[in-house]
Amino acid sequence: MTEYHPQDIEQKWQRRWQETRAFEVTEDPTRPKFYCLEMFAYPSGHAHVGHVRNYMIGDIIARTRRMRGYNVLHPFGWDAFGLPAENAAIKNKVHPEQWTLENIAHMKGQLQRLGISYAWEREIATCLPNYYRWNQWLFTRMFQRRLAYRRRSNVNWCESCQTVLANEQVVDGGCWRCGTPVTIRDLEQWFFRITAYADELLDALGSLTAWPEKVVMMQRNWIGRSEGARVRFPVVAAAGPGESADTVEVFTTRIDTIFGASFVLLAPEHPIVDRFAAASDAPDAFRARVARFRAQDRTARLTGEIEKEGFDTGRQVINPFTGQPVPVWVANFVLGDYGTGAVMAVPAHDQRDFEFARKYGLPVTVVIQPLDRMLAAEALEVAFEDEGVLVSSATFSGLPAHEARARMTADAAARGIGEGTVQYRLKDWGVSRQRYWGTPIPIIQCESCGLVAVPDEDLPVELPNITEFSGRGDSPLAYVPEFVNVPCPTCGRPARRETDTMDTFVDSSWYYYRFCDPTNDQLPFDPAKVSYWGPVDFYSGGVEHAILHLIYSRFFSRVFRDLGLVSIDEPFSRLLTQGMVLRHGAVMSKSKGNVVDPDEMIAKYGADALRLYVMFVAPPEKEVEWSDSGLEGAFRFLSRVWRIVDHLIPAIADAPQPTGMTLEPDERALRRKTHDTIDRVTRDIDPRMHLNTAVSTLMTMVNELYAFCEGQGLRPAGRDDEPAAVINRRETAAVLREAVEALVLLLSPFTPHLSEELWERLGHHDGLSAAGWLQADPIVARAEEIEIPVQVNGKLRGRITVPVDAAEADILAAAQAAVVSHVAGMDVVKTVVANRRLVNIVVRPAKGTL
RNA sequence: GCGAAAGUGGCGGAACUGGCAGACGCGCCGGACUUAGGAUCCGGUGGCCGAAAGGCCUUGGGGGUUCGACUCCCCCCUUUCGCACCA
């Protein structure tokens with residue numbers, strides 16, 4: 001017998017897959033397609049097992065679908081632009097491109113050594129001009145449609161990364177990448193108008209039934225739709241001329257409480273604040289207070305508790321519903337970039353307003369009464385924020401709050417003082433980055449023509465090769481005169497190129513379509529190809545992308561749709577967010593020194609054992625703790641498979657199919673196990689994706705196979721000089737061959753190298769891909785007898801074995817006989833035969849025995 | 001604070017539609033084979049009582065629905081994650 005040496009067979013099969021381009025695909029309308037995708041990788045250097053778990057999961061799904069006859073697209077690529085490359089360049093004097101390409105080469109080798117079945121001929125890297133030129137192409141289209149626009153604005157700034165961050169990239173007030181507290185800068189920036197799709201992105205979440213609810217919820221919260229009204233409060237004129245036309249517009253979701261609006265609060269950033277300051281008695285003091293609040297903004301506000309503060313502007317506005325003047329204050333907790341930057345304060349019905357009013361002695365008016373008690377403003381301890389009935393609200397008094405909202409909104413509109421509106425938390429996506437290693441923004445600024453898109457024939461705008469990466473916070477490209485100074489494409493006069501580069505999330509927002517047609521040099525992709533492959537049927541990656549990448553991708557897929565290149569809305573049909581791999585209780589990271597290098601494990605146990613272990617240890621969505629002994633267990637299992645298959649092969653390789661043979665009971669039992677295993681493993685892998693139980697089912701089958709062989713005197717002893725098994729009975733050989741072949745095929749998505757090798761040794765020379773998946777025969781899988789537990793008063797008291805088609809009455813009779821001692825002297829109150837799976841006899845003490 | 005998910009042996013986990021709790025693996029214990037075993041094969045392994053047969057308890061805690069609850073409902077505890085002044 002031969003021993004299991006994974007390293008030899010793994011290299012053999014990896015070479016063969018490469019030589020035969022085993023996973024290459026083309027469009028084939030005669031077969032059902034399946035697009036299986038794992039989030040592509042940032043080429044950081046070395047992949048650890050936490051990274052590769054995701055690729056293993058996708059590979060199980062891809063390989064299974066392939067064997068089931070689907071035309072499977074399973075590509076991989078590199079999210080290759082980004083800051084780490086540039087930082088490494090500054091630190092180590094290596095060009096970002098060199099650093100990136102070297103990392104890609106290493107990581108590609110790691111994935112190939114794991115036997116992931118990628119269509120490598122479709123590999124893409126976003127840092128190459130043949131990819132990023134299509135970012136630029138799309139940018140110019142978005143520019144023409146005003147979906148890309150430039151404006152000066154307060155943006156999030158990371159001091160450490162020296163660049164702008166999108167709102168989605170600010171986590172707990174810090175940079176998503178390095179955690180440095182975010183500061184605010186006022187810069188000219190490019191934005192993508194994702195808000196134009198806010199409603200659609202929100203509504204379509206309902207169609208994502210195969211996404212984790214958690215991700216859907218996070219996106220819903222992120223988009224943050226709220227329905228309400230804008231209402232204009234006219235400013236009571238001060239001495240200054242021309243001011244009488246001013247109004248303060250507020251956004252409220254509770255217009256029904258407007259009769260209780262006893263003051264108005266402005267964000268420190270609100271434009272009218274400067275005018276109020278200028279017109280005030282002490283403009284400098286006024287401005288100083290505003291400046292203090294603005295400085296608190298974000299960092300202080302987002303990271304910790306900040307005291308609610310405000311000051312009186314000394315000005316008043318008219319509440320357009322009461323007609324009464326109310327004071328205007330500036331408050332540090334009112335956000336300048338949400339709604340209108342101004343709110344009407346209703347202290348009786350909003351807790352923040354209530355606290356503010358108490359702190360500064362501002363009036364509180366109750367205008368909503370609950371149904372079960374009577375509120376008095378003086379006795380109020382907390383704001384009443386629930387629904388109720390309006391009081392002290394002129395003609396609206398007596399209306400339920402929800403009805404009042406509709407009527408009062410209509411009233412405001414009729415009077416021209418406001419209107420119903422929808423407000424989103426989602427903001428436009430800021431994409432300008434003041435760094436080198438990204439896609440140049442294809443815009444030229446001309447003094448006479450303004451902002452001009454680079455024409456298609458001049459694309460790509462290639463990133464110039466530079467050697468100085470300032471890291472100072474201005475764009476390195478601005479120091480390259482031959483890049484900056486160009487003629488205007490429209491008028492030909494000297495003009496300046498935009499020197500910012502695009503957020504790398506642009507790259508990853510549409511790569512899944514590029515895989516469908518990765519070398520197209522006329523378009524980002526051929527619409528016909530995307531129409532064949534799209535949408536992605538199975539997409540997996542980390543939950544950390546729940547709002548960043550996944551919301552941007554949903555946005556971009558709609559932009560492509562509206563450009564007429566794609567006909568579907570949603571790019572990803574089914575989403576799986578895989579759990580992380582921990583070691584010593586922490587996420588693996590180089591800095592913590594707790595990474596597990598897949599190559600080390602492959603050298604010791606083989607890629608198949610590593611794959612099997614990672615899939616077996618827990619369901620894909622769950623976090624797992626790395627365990628060396630678990631991996632050893634997987635290796636032991638594969639050795640066990642190898643040993644018995646290797647032992648049996650000479651005796652079964654030529655055996656016929658067992659169909660139609662007259663079998664002994666133990667042979668029938670083995671066939672039953674085989675077909676039951678086929679059925680369960682198939683369902684567990686797809687659709688259930690309980691990959692861990694698929695493995696455990698295969699383990700029980702191997703145990704059964706050993707037990708069967710033990711009974712037949714066929715068990716391998718595990719000695720080197722052991723002769724192969726000899727089987728005289730044709731039926732035994734037949735059922736064993738069927739069992740062994742099923743085992744090898746069912747294991748193959750998990751352990752492709754071992755399976756290919758054993759499959760070949762079983763006499764098949766055209767590879768697993770030609771083998772196809774298995775179909776369980778339900779008649780064979782059906783048990784002849786079933787064991788039924790018998791309960792008395794819900795407690796297990798015995799078991800009976802009956803023919804599988806026994807009548808219910810016979811089951812009951814047998815059950816009663818089996819538990820006679822527990823039922824003696826009792827009255828049977830009720831009997832339940834549950835779906836032929838369990839019997840419960842309900843008894844109570846017989847009358848007269850007490 | 002708001003929202004969501006989860007809580008099962010020493011450990012990872014299983015239990016599909018309310019029907020035998022603890023599959024499978026790790027670890028541990030024992031046996032066989034062996035000069036030897038950290039290889040291999042076989043067996044045991046939730047807790048308590050018992051020599052055994054068997055009995056009792058057991059899915060975070062408490063209540064409820066049901067013939068029957070890990071599963072459904074209510075309350076509480078814990079953990080993890082998300083949101084966190086969004087008017």
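Convention: sequence-line order gives letters A, B, ...; per-chain numbering from 1.
Here, B/rA15 and B/rG82 have their P atoms 27 Å apart, quoted to the whole Å. Comparing the same atom, C1', in B/rG46 and in B/rC20 gives a spacing of 16 Å after rounding to whole Å. Comparing B/rG19 with B/rC72, their C1' atoms are spaced 14 Å from each other, to the whole Å. Rounded to whole Å, the separation between the P atoms of B/rG47 and B/rC42 comes to 24 Å. Going from the C1' atom of B/rU65 to that of B/rC73 covers 7 Å, rounded to whole Å. Here the separation of B/rA21 from B/rC56, taken at their P atoms, is 13 Å to the nearest Å.
For B/rA87, the OP1/OP2 oxygens have a side-chain nitrogen or oxygen of A/Ser226 closer than 4.0 Å. The phosphate of B/rC86 (OP1 or OP2) has a side-chain N or O of A/Arg352 nearer than 4.0 angstrom. OP1 or OP2 of B/rG68 has not a single side-chain nitrogen or oxygen of A/Arg837 nearer than 4.0 Å. Residue A/Tyr424 places none of its side-chain N or O atoms closer than 4.0 Å to OP1 or OP2 of B/rC86. Within the structure, a side-chain polar atom (N or O) of A/Asn692 is placed less than 4.0 Å from OP1 or OP2 of B/rA14. An OP1 or OP2 oxygen of B/rC57 is reached within less than 4.0 angstrom by a side-chain nitrogen or oxygen of A/Lys795. Side-chain nitrogen and oxygen atoms of A/Arg797 include at least one within less than 4.0 Å of the OP1 or OP2 phosphate oxygen of B/rC56. For A/Arg425 and B/rC83, the shortest distance from a side-chain N or O to OP1 or OP2 is not below 4.0 Å. Within the structure, a side-chain polar atom (N or O) of A/His822 is placed less than 4.0 Å from OP1 or OP2 of B/rG55. Using a 4.0 Å cut-off, some side-chain N or O of A/Lys622 falls inside it from OP1 or OP2 of B/rG13.
Nucleotides of RNA chain B nearest to A/Val832 and A/Gly630 differ in position, and the one nearer the 5' end is that of A/Gly630. Comparing A/Gly339 and A/Val624 against RNA chain B, the residue whose closest nucleotide sits nearer the 5' end is A/Val624.
For A/Met580, the CE atom sits in a loose shell: 12 or fewer heavy atoms of surrounding residues, nucleotides or ligands are nearer than 6.0 Å. For A/Glu213, the CD atom sits in a loose shell: 12 or fewer heavy atoms of surrounding residues, nucleotides or ligands are nearer than 6.0 Å.
In this structure, A/Phe311 has its ring center no closer than 6.0 Å to that of A/Trp329.
Counting non-hydrogen atoms under 4.0 angstrom, A/His349 reaches nothing in the nucleic acid. Counting non-hydrogen atoms under 4.0 angstrom, A/Gly224 reaches nothing in the nucleic acid. Residue A/Arg225 is out of contact with every strand shown, counting any heavy-atom pair closer than 4.0 Å. Using a 4.0 Å heavy-atom distance criterion, A/Val617 is classed as a sugar-phosphate-only contact.
Each of A/Ile685, A/Thr751, A/Leu612, A/Leu746 was scored for a side chain to side chain contact (heavy atoms under 4.5 Å, CB included) with A/Val695, with one residue passing: A/Leu612.
For A/Arg405 (side chain) and A/Thr257 (main-chain N/O), no donor-acceptor pair under 3.5 Å exists by modelled atom type.
Across B/rA87, B/rC85, B/rC24, the shortest atom-to-atom separation from the side chain of A/Lys308 is found for B/rC85. Picking from B/rA87, B/rG3, B/rC20 the nucleotide with the shortest atom distance to the side chain of A/Leu838 gives B/rC20. Among the nucleotides B/rG19, B/rA87, B/rC20, the one closest to the side chain of A/Val334 is B/rA87. Candidate nucleotides B/rA87, B/rC24, B/rA21 were compared by shortest atom distance to the side chain of A/Gln791, and B/rA21 ranks first. Among B/rC24, B/rG13, B/rC86, the nucleotide with an atom closest to any side-chain atom of A/Phe616 is B/rC24. Residue A/His690 has its side chain nearest to B/rA15 when only B/rA14, B/rA15, B/rC86 are considered.
Base orientation of B/rG9: syn, the glycosidic angle falling within 90° of 0.
A salt bridge links A/Asp684 with A/Arg688: the closest approach of a Lys/Arg side-chain nitrogen to an acidic carboxylate oxygen falls below 4.0 angstrom. Contact check on A/Glu307 versus A/Lys359 returns a salt bridge, with a Lys/Arg side-chain nitrogen under 4.0 Å from an Asp/Glu carboxylate oxygen. A salt bridge is absent between A/Arg672 and A/Glu704; no separation between the charged side-chain nitrogens and carboxylate oxygens falls under 4.0 Å.
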Under 3.5 Å, N/O pairs linking protein and nucleotides 80-82 of chain B:
from, atom 1, to, atom 2, distance (Å)
B/rC81, O2', A/Lys214, NZ, 2.5

Under-3.5 Å N/O pairs linking protein and nucleotides 41-44 of chain B:
from, atom 1, to, atom 2, distance (Å)
B/rC41, OP1, A/Arg640, NH1, 3.2
B/rC41, OP1, A/Arg643, NH1, 2.7
B/rC41, O2', A/Arg715, NE, 3.0
B/rC41, O2', A/Arg715, NH1, 3.1
B/rC41, O2', A/Arg715, NH2, 3.2
B/rC42, OP2, A/Arg640, NH1, 3.3

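Residues A/Ser639 and A/Tyr605 bring no donor and acceptor atom of their side chains to less than 3.5 Å of each other. Under 3.5 Å, the side chains of A/Asp646 and A/Tyr4 contain no donor-acceptor pair of N or O atoms.
Below the 3.5 angstrom threshold, one finds a donor paired with an acceptor across the side chain of A/Arg799 and the base of B/rC20.
The cationic atom of A/Arg640 (NZ for Lys, CZ for Arg) lies less than 6.0 Å from the six-membered ring centre of A/Tyr706 and within 45° of the ring axis.
Aromatic ring orientation, A/Phe356 versus A/Tyr360: tilted (interplanar angle from 30° to 60°).
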